[in-house]
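Pasting a structure below so you can have a look.
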Amino acid sequence: MISVTEALGLINATSVPERIKPMRIEKTLGLILGEDITAPINMPPFRQSAMDGYAFIWSENDNIVLHVIDTFKAGDTTNIDLKPEEAVRIFTGAKVPDQADTVVMQEHVNTKDQQAIIIKAPKKGANVRPVGEQVKKGDVVLKKGLQINEATIGFLAGLGIRKVAVIKPPKIAILVTGNELQNAGTPLADGAIYESNSIMLKMALKRFGYSKVKIFRARDTLKATKQGIKKGLKFGDVLLISGGISVGDYDFVKEALESKKVKAHFYKINQKPGKPLWFGQKDQKFVFALPGNPASALTCFYVYALPLIKKISGIKTPHLQRTEARISSDFNNNSGKSLFLKATLKDNELSILQGQQSSMLHTFSSSNVLAYIPEDVKTISKGDAITCIKLNSYGN
Ligand code: AMP
Ligand code: MG
């Protein structure tokens, strides 16, 4: 049995393959950029008006009267031979005539017939976006490792880029074990319970952006468990197994993993809930055997499995965010184990919820943090600072 710190150390030390793949930009939200991006064009690509107004050749004169000789709208490709004291009526985004160096905004102009009388003189060069003002062709404009957001995708689209190399997120297989498990939708048979871990894990994965998820089932026999592992490893880059990893006579997962030559990195952590967690790998595929009790499974998922999944996706800070908060009442930890307690954090006040048993999702569903109490901390007094793992963020 290892400590929480050791287990996290082993997860963090696990090296993961770099899986780079070109992808259409609309599929890359939340993913990590797998290459440096060089601008294929200048942005803006031509001298662009930043305002609706009049383009002209700037001069020292104060009250300039401009003679308006043409109109340029966004998208127009004409040019014109402009002379001093002439102007072109221009609109935002339009190409500024070559000779013009300044755009006066229309709010600073009075117009009469074909004349524009400047009532507030702009500075020389005002409202003209120079070529390459935002980015210059050939410059590295985005670095490998960046997490792509909607602004990144918009920026790439603006550069005319339709595909980029990204770190391909892993596919996840979920293998559910347990003879007692029944799907929701039929009256509950005697001795059975409704199966809930697979949908819970699938939704947790969905929340963090993982959609390539497939669920497999196995009855509690060695043969079925081995078959399930084989199928799960074939589909997934990561296999999450639910249940069957304890020491009962009908827990076959450990033996099946060994016989499938999945190499163990650790088994059993001195923690509550989630003590029987098993973690290992076969070649470049990773396996977490999560305890079947729903609250244990979810705790192990958040603390150990999700960070590895995010690491495979190229995310540099893959753990859920932590924060310190003041506990609202005394607490004793006589278990000798590290605890992950379902709790609520509001206005920096941490309240540990009633109902911490590993089967209790009820408490989990109304908590927004897991309070972490290390194994060597026995007494906690009201007002002490406690580390909390934040549960309610969306996305990667
Ligand atoms: P196990 O880890 O297989 O010994 O299961 C521990 C407890 O969790 C048992 O009470 C199981 O019935 C329950 N359990 C296991 N798998 C699931 C599941 N997929 N959904 C809901 N409860 C489960
Ligand atoms: Mg079981």
Side-chain angles (χ1 to χ4, degrees), residues 1 7 172-207 210 213-229 231-232 235-236 238-260 262 264 266-280 287-306 309 335 337 339-340 342 355-367 370:
M1 185 137 63
I172 319 282
I174 300 172
L175 173 62
V176 179
T177 71
N179 290 356
E180 75 283 24
L181 303 173
Q182 191 182 319
N183 290 337
T186 47
L188 202 54
D190 193 24
I193 60 163
Y194 287 125
E195 197 278 306
S196 59
N197 285 349
S198 63
I199 193 166
M200 173 178 74
L201 294 169
K202 191 175 173 180
M203 294 301 109
L205 288 162
K206 182 177 178 185
R207 173 149 76 95
Y210 299 97
V213 178
K214 198 164 171 183
I215 296 165
F216 301 87
R217 292 283 284 266
R219 290 189 65 78
D220 289 322
T221 66
L222 181 60
K223 191 169 169 224
T225 309
K226 276 164 64 176
Q227 269 171 359
I229 290 170
K231 283 189 201 150
F235 171 83
V238 175
L239 168 60
L240 304 176
I241 304 176
S242 155
I245 192 64
S246 302
V247 289
D249 287 351
Y250 295 92
D251 291 329
F252 292 107
V253 169
K254 184 168 176 286
E255 191 183 342
L257 285 165
E258 282 161 0
S259 85
K260 285 281 156 205
V262 186
F266 63 71
Y267 177 42
K268 291 192 179 162
I269 306 173
N270 189 33
Q271 67 176 27
K272 217 163 86 178
K275 179 177 127 186
L277 178 68
W278 190 102
F279 168 57
V287 179
F288 289 89
L290 309 169
N293 269 308
S296 308
L298 193 57
T299 302
C300 291
F301 173 82
Y302 286 141
V303 178
Y304 304 103
L306 179 63
I309 290 169
S335 66
K337 293 184 167 72
L339 305 179
F340 292 100
K342 292 158 277 289
Q356 292 292 336
Q357 282 90 324
S358 52
S359 56
M360 294 186 174
L361 278 187
H362 180 209
T363 337
F364 230 132
S365 60
S366 43
S367 60
L370 286 176

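All ligand and atom numbering here is 1-based and tracks the order in the structure. All residue numbers in this chain count up from 1 along the given sequence.
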task = Could you tell me whether N197 approaches ligand 1 through its side chain, its backbone, both or neither, with non-hydrogen atoms closer than 4.0 Å?
result =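 Looking at N197 and ligand 1, atoms from backbone and side chain both fall under 4.0 Å.
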
query = Closest non-hydrogen protein atom to atom 7 (C) of ligand 1, residue and atom name please, with distance?
reply =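 Of the protein heavy atoms, N293 OD1, 3.4 Å lies nearest.
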
key: Nearest heavy-atom neighbours spanning C300 and Q271   = SG-NE2, 3.7 Å

message = Using a 4.0 Å cut-off to any heavy atom of G244, which atoms of ligand 1 qualify?
response = 1 (P), 2 (O), 3 (O)

task = Please report the closest heavy-atom contact between V253 and A289, naming both atoms and the distance.
result =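 Answer, listing the atom of V253 first, then A289: CG1-CB, 3.8 Å.
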
Contacting atoms of ligand 1, where contact means under 4.0 angstrom from a heavy atom of Y194 =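 In order of numbering, the contacting atoms are 21 (C).
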
ask   = So which of G292, S246, S198, S358 gets nearest to atom 2 (O) of ligand 1, if we judge by its closest heavy atom?
value = G292

ask   = Does a donor on one side chain sit under 3.5 Å from an acceptor on the other, for E255 and S259?
value =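 No donor-acceptor contact under 3.5 Å links the two side chains.
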
Numbering as shown, the atoms of ligand 1 that approach I193 to under 4.0 Å (heavy-atom distance) =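 Checking each atom against I193, I get 12 (O), 21 (C), 22 (N), 23 (C).
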
message = Going by side chain to side chain contact (heavy atoms under 4.5 Å, CB included), name the residues that satisfy it together with K214, two or more places apart in sequence or in a different chain.
response = F216, F235

key: Contact atoms of ligand 1, heavy-atom distance to E195 under 4.0 Å   =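 Counting atoms of ligand 1 from 1, those under 4.0 Å from E195 are 18 (C), 19 (N), 20 (N).
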
ask   = What atoms in ligand 1 come closer than 4.0 Å to a heavy atom of S242?
value =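 Near S242, the atoms of ligand 1 are 16 (N), 19 (N).
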
request  = May I ask which of R217, E180, M200, Q182 has a heavy atom nearer to atom 9 (C) of ligand 1 than the others do?
outcome  =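 The residue whose heavy atom sits nearest atom 9 (C) of ligand 1 is E180.
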
message = Can you name the atoms of ligand 1, numbered from 1 with element, that are less than 4.0 Å from a heavy atom of V176?
response =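 This gives 19 (N) as the contact atoms.
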
task = Find out whether I172 and L240 are in side-chain contact, i.e. whether some heavy atom of one side chain is under 4.5 Å from a heavy atom of the other.
result =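 In short, these two side chains touch, coming nearer than 4.5 Å.
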
inquiry  = Under the rule for side chain to side chain contact (heavy atoms under 4.5 Å, CB included), what residues qualify as partners of A264, not counting sequence neighbours?
reply    = W278

ask   = What's the shortest heavy-atom distance between G280 and V262, and which atoms?
value =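 Heavy atoms of G280 and V262 come nearest at C-CG1, 4.1 Å.
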
task = Report the relative orientation of the aromatic rings in F279 and F288; use parallel for angles under 30°, tilted for 30 to 60°, perpendicular for over 60°.
result =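 F279 vs F288 ring planes: parallel.
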
remark   = Looking only at protein heavy atoms, what sits closest to atom 4 (O) of ligand 1 is D251 OD1, 3.9 Å

task = Tell me which protein heavy atom sits closest to atom 20 (N) of ligand 1, plus the residue, atom name and distance to 0.1 Å.
result =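 In this structure, atom 20 (N) of ligand 1 has S196 N, 3.0 Å as its nearest protein heavy atom.
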
